[in-house]
Amino acid sequence: MWGSKEVAYTTAIGFELAVRQLVDRPRHAAEKQQEQQKQKDAEGIDLKAGGRNKRVHRTAPKSDNPYLKLLVKLYRFLVRRTDSDFNKVVLKRLFMSKTNRPPLSLSKLAKFMAGKSVLWAAAAAAAEDKIAVLVGTVTDDVRLYEVPKLRVAALRVTETARARILKAGGEILTFDQLALLAPTGSNTVLLRGPKNSREAVKHFGPAPGVPGSSTKPYVRSEGRKFERARGRRKSKGYKA
């Protein structure tokens with residue numbers, strides 16, 4: 001049997017070991033982390049073929065639409081076999097996201113095809129032989145009363161816009177038809193929709209209420225008691 005001295009001695013040793021473990025534990029963890037970091041540095045990083053490529057851009061569309069994939073295949077061929085920059089731009093835009101392929105209204109389309117002037121007489125006549133090309137959607141615009149005769153090639157044309165273009169004696173082409181008519185993009189006008197006309201873009205910029213800011217605020221509602229505090233009138237600090 002152990003005496004009281006032996007018990008006290010073993011207890012003291014056990015306590016000392018426990019304290020040493022507590023002190024050494026963070027040190028061991030730090031050493032282990034350093035070893036792992038050294039091992040990671042020794043392994044290096046995985047590089048894609050071609051080295052470090054900082055420029056990340058799409059080389060194919062994200063969409064699984066088979067018709068879009070066929071158009072990509074067609075325009076890849078045209079880019080490879082022709083020297084036309086038109087085909088390169090069309091191919092690049094076929095890869096783009098929906099945000100980067102904004103729709104174009106019928107009124108804007110008519111305006112651009114008439115040399116950015118009001119659609120009458122000679123300007124309208126000059127627009128007839130050229131093909132308007134839009135890698136996106138053509139939408140109707142009720143503010144345009146008279147639709148001129150237009151030749152349009154687009155990914156999509158809304159039902160009402162299609163009806164108005166055809167009624168005016170115009171023509172709507174698909175991109176495979178365009179490739180047969182103008183394989184190098186000759187006699188075409190390549191157009192884009194307004195990218196920054198989305199509702200979301202109106203909320204970007206300096207905070208609403210800051211002097212000089214025209215950013216649209218996010219509000220629950222419009223009324224007497226909304227957006228009427230600090231920064232909106234002189235009695236509440238200042239008026240922007």
Where [X] and [Y] come nearest, the two heavy atoms and their spacing:
| X | Y | result |
| --- | --- | --- |
| Ser213 | Ala207 | OG-O, 3.2 Å |
| Leu78 | Ala179 | CD1-CB, 3.9 Å |
| Pro194 | Pro103 | CD-O, 3.5 Å |
| Thr137 | Thr158 | CG2-CG2, 4.1 Å |
| Leu91 | Val72 | CD1-O, 3.8 Å |
| Tyr145 | Arg164 | O-NH2, 3.4 Å |

Criterion side-chain contact (heavy atoms from CB on, under 4.5 Å) on Leu155 and Leu94, from CA distance to verdict: CA-CA 9 Å; Leu155 281 180; Leu94 285 170; 3.9 Å; yes
Answer yes or no: is there a side-chain heavy-atom contact under 4.5 Å between [X] and [Y]?
| X | Y | value |
| --- | --- | --- |
| Arg93 | Arg192 | yes |
| Ile131 | Leu173 | yes |
| Thr215 | Lys202 | no |
| Arg81 | Phe77 | yes |
| Glu222 | Glu227 | no |
| Phe175 | Leu74 | no |
| Leu109 | Val152 | yes |
| Phe112 | Val189 | no |

Step-by-step side-chain contact (heavy atoms from CB on, under 4.5 Å) determination, Lys195 to Asn100: CA-CA 7 Å; Lys195 190 181 168 185; Asn100 291 316; 2.9 Å; yes
Out of curiosity, [X] [atom1] to [Y] [atom2], how far, rounded to the nearest 0.5 Å?
| X | Y | atom1 | atom2 | answer |
| --- | --- | --- | --- | --- |
| Asn187 | Arg151 | CG | CZ | 7.5 Å |
| Tyr238 | Arg230 | OH | CZ | 5.5 Å |
| Asp64 | Lys69 | CG | NZ | 4.5 Å |
| His57 | Phe95 | NE2 | CZ | 8.5 Å |
| Arg101 | Leu134 | CZ | CG | 9.5 Å |
| Leu180 | Leu178 | CG | CG | 9.0 Å |

Would you kindly confirm whether [X] and [Y] end up in one hydrophobic cluster when ILVMFWY residues are joined by side chain heavy atoms under 4.5 Å apart?
| X | Y | value |
| --- | --- | --- |
| Leu166 | Leu104 | yes |
| Leu181 | Val135 | yes |
| Met96 | Phe86 | no |

No-hydrogen, no-angle side-chain donor-acceptor test under 3.5 Å, Ser105 and Ser107: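 The criterion, which ignores hydrogens and geometry beyond distance, is satisfied for Ser107 and Ser105.
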Between Thr174 and Asp176, a side-chain donor and acceptor under 3.5 Å: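 Note: Thr174 and Asp176 side chains meet the donor-acceptor criterion.
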Check: Arg162 side chain, Thr160 main-chain N or O, donor-acceptor pair, under 3.5 Å: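 Looks like no, no N/O pair under 3.5 Å.
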Ser63 side chain to Asn65 backbone, donor-acceptor under 3.5 Å: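 Judged by distance alone, yes, a pair lies under 3.5 Å.
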From CA spacing to verdict: side-chain hydrogen bond (donor to acceptor under 3.5 Å, both in side chains), Asn87, Thr82: CA-CA 8 Å; Asn87 291 327; Thr82 63; 3.1 Å; yes
Residues, nucleotides or ligands: over 12 heavy atoms within 6.0 Å of Glu159 CD: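 No, CD of Glu159 has 12 or fewer neighbouring heavy atoms, counting only those of other groups under 6.0 Å.
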Test: Lys149 and Glu171 ion pair at under 4.0 Å: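 Here Lys149 does not pair with Glu171 in a salt bridge, since their nearest N and O are not under 4.0 Å apart.
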CA sep, side-chain torsions, deciding dist, call: Val138, Arg156, side-chain contact (heavy atoms from CB on, under 4.5 Å): CA-CA 6 Å; Val138 175; Arg156 178 172 167 264; over 6 Å; no
